[in-house]
Amino acid sequence: MKNYSKYIFAALCAATISTSAVSAQNTALSTGYFNDGYVGKHFQNPAFTPDRGYFSFPILGNEVISVTSSLKAQNLFFPTDGGLATFLSPKVSVETAMAGIAKANPLNFSLNQNILSFGFFNKKGTIFTSIDLGARVNANVMLPYDLFAIAKGGDAFGGGKDYSLKGMDVSAAARAELSLGQSYAIGKKVHFGYRAKFLVGLADVSAHFDKFDATLNSSLWNIDAKASLKYNGLAFGTTDEGYIDFTQWGISPDFLPDLKRNLGFAFDLGLSYDIFSWLQLSVSAQDLGLIFYHNYCTANSEATMSLGTEDGSETINEFMGEFTKLTQFKPGATQDVSKIMLPSTVRAGLQIRIPTYEKVSFGALYTHKIQNIYSGWEIRASFNYDICRALSFSASYAYTTPIVNAGFHEHQLGALLNLHAPGFNLFVGADNIPISYSVQGIPLSTASTTVNFGINFMVGKYHGRYPKAEK
């Protein structure tokens with residue numbers, strides 16, 4: 001049988017991409033968790049505070065863009081005959097092409113958009129209050145190993161190979177949030193903080209294969225698949241056959257009425273304890289909450305097909321025509337109310353300062369993200385240096401499993417430079433800086449990073465936690 005697996009791969013990607021919108025979920029850099037004067041740290045742990053009160057530059061106060069993927073460029077492109085070829089090329093062997101593919105391959109994008117934020121201390125400097133208005137967008141795609149195996153050639157591993165793409169998943173969500181946070185000094189050693197969030201769900205889309213069983217070899221192609229789709233906040237046109245037309249999409253006509261009811265709440269909690277003047281322990285939990293969506297639309301698709309002989313192009317075309325039914329979703333019932341739990345994050349940190357030179361500190365941070373099949377964790381060590389009272393620098397190394405189900409690990413290097421002078425604050429940094437590139441400028445060492453940029457205006461007295469390290 002001729003190798004038509006690339007067409008199957010294209011159809012599967014179409015089924016996935018056609019249901020994906022925008023995507024994200026870091027609120028600040030892990031590299032900056034122990035950085036003195038970093039405004040973003042109080043978004044990670046509400047017990048933390050900046051050096052001074054502040055108000056953000058509109059839209060640009062705290063921009064966080066995060067990308068996570070196990071699919072590095074060096075796993076998809078290979079040098080051949082003086083050029084580059086994709087893993088689908090017959091010049092690339094099956095063993096070489098599949099060596100860098102994980103059992104589950106995530107593609108995640110997140111955007112934390114700060115719209116307006118400000119914070120201030122009380123007169124005694126014992127209570128810090130912040131108010132934040134922002135939006136978050138998250139998008140996640142999970143591609144199983146067998147998808148790439150089918151694409152490379154279904155019968156390449158020997159006759160009668162069975163494949164399963166069950167669990168192939170796409171989700172995207174967007175929400176707005178208004179939050180009130182406070183940090184309290186309890187005595188001289190303990191700080192407790194909370195952040196209460198009022199949430200408005202803007203849109204939510206999710207799709208995944210409920211079933212996908214395939215047998216592909218030189219004498220038989222057999223596929224039995226079912227997929228489901230749920231969405232809110234969007235509207236799609238339909239084809240003459242009554243299927244959803246993803247090329248005709250827009251805002252749902254019920255968007256504004258539903259917006260008044262797509263409401264939720266969440267809490268952040270944080271605690272820090274100064275065991276000694278040079279040793280601090282901290283813990284936090286972020287986004288403990290949910291959103292209630294109304295008028296959730298549903299749709300389903302299914303395809304069952306079999307091809308058992310070395311037929312000509314007409315039969316192949318018929319087969320592929322049947323296969324593309326996976327991209328044809330038939331509208332189903334509408335769910336009145338759906339409860340969506342937020343992805344949450346738990347952190348635990350330990351910071352050690354050099355007692356004789358407190359401008360220098362070292363930190364260890366454990367982060368665990370809880371998000372169903374996209375859950376992951378990392379351990380990050382950081383070096384922090386207060387260059388002067390108004391300028392601080394952090395560098396970090398992390399060993400991370402971004403997605404536990406993916407079965408891959410990464411080593412990451414991060415850096416943050418933070419100017420926090422009286423009246424003005426500018427910071428820029430990344431949690432994962434690529435260290436190797438192709439001649440075309442494509443990062444080879446990683447396909448994951450988190451980038452953070454912000455401009456704020458600092459006001460009021462200095463209330464740094466360790467003023468001696470700032471002198």
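- Under 4.0 Å is where a charged nitrogen must lie from a carboxylate oxygen, and between D204 and K230 no such pair does.
- The pair K197-D132 does not count as a salt bridge, with every side-chain nitrogen at least 4.0 angstrom from each carboxylate oxygen.
- For the pair R389 and Y462, the cation-pi criterion (under 6.0 Å, within 45° of the ring axis) is fulfilled.
- Between the side chains of N262 and N232, at least one donor-acceptor pair of N or O atoms lies under 3.5 Å.
- Ring centroids of F329 and Y243 are separated by 6.0 Å or more, keeping the two rings apart.
- For the 3.5 Å distance criterion, the side chains of Y194 and Q182 qualify, holding a donor opposite an acceptor.
- Applying the side-chain hydrogen bond (donor to acceptor under 3.5 Å, both in side chains) rule to Y54 yields the partners H42, S117; only residues at least two apart in sequence or on another chain are considered.
- A ring-centre distance under 6.0 Å is not found for F393 and Y385.
- With values rounded to the nearest 0.5 angstrom, L60 atom CG is found 10.5 Å from N62 atom CG.
- Annotation: cation-pi geometry not satisfied between K41 and Y33 (NZ/CZ under 6.0 angstrom from ring centroid, within 45° of ring axis).
- Residues passing the side-chain hydrogen bond (donor to acceptor under 3.5 Å, both in side chains) test with T68: none are found, sequence neighbours excluded.
- Between the side chains of N418 and N425, a donor-acceptor pair is found at a separation under 3.5 Å.
- Under the 3.5 Å distance criterion, with hydrogens and angles disregarded, a donor-acceptor pair is assigned to the side chains of H420 and S392.
- N452 and Y38 form a side-chain donor-acceptor contact under 3.5 Å, judged by distance and modelled atom types alone.
- No salt bridge links D268 with R347; every basic N to acidic carboxylate O contact stays at or beyond 4.0 Å.
- Taking the six-membered ring for Trp and the full ring otherwise, the centers of F120 and F128 sit at least 6.0 Å from each other.
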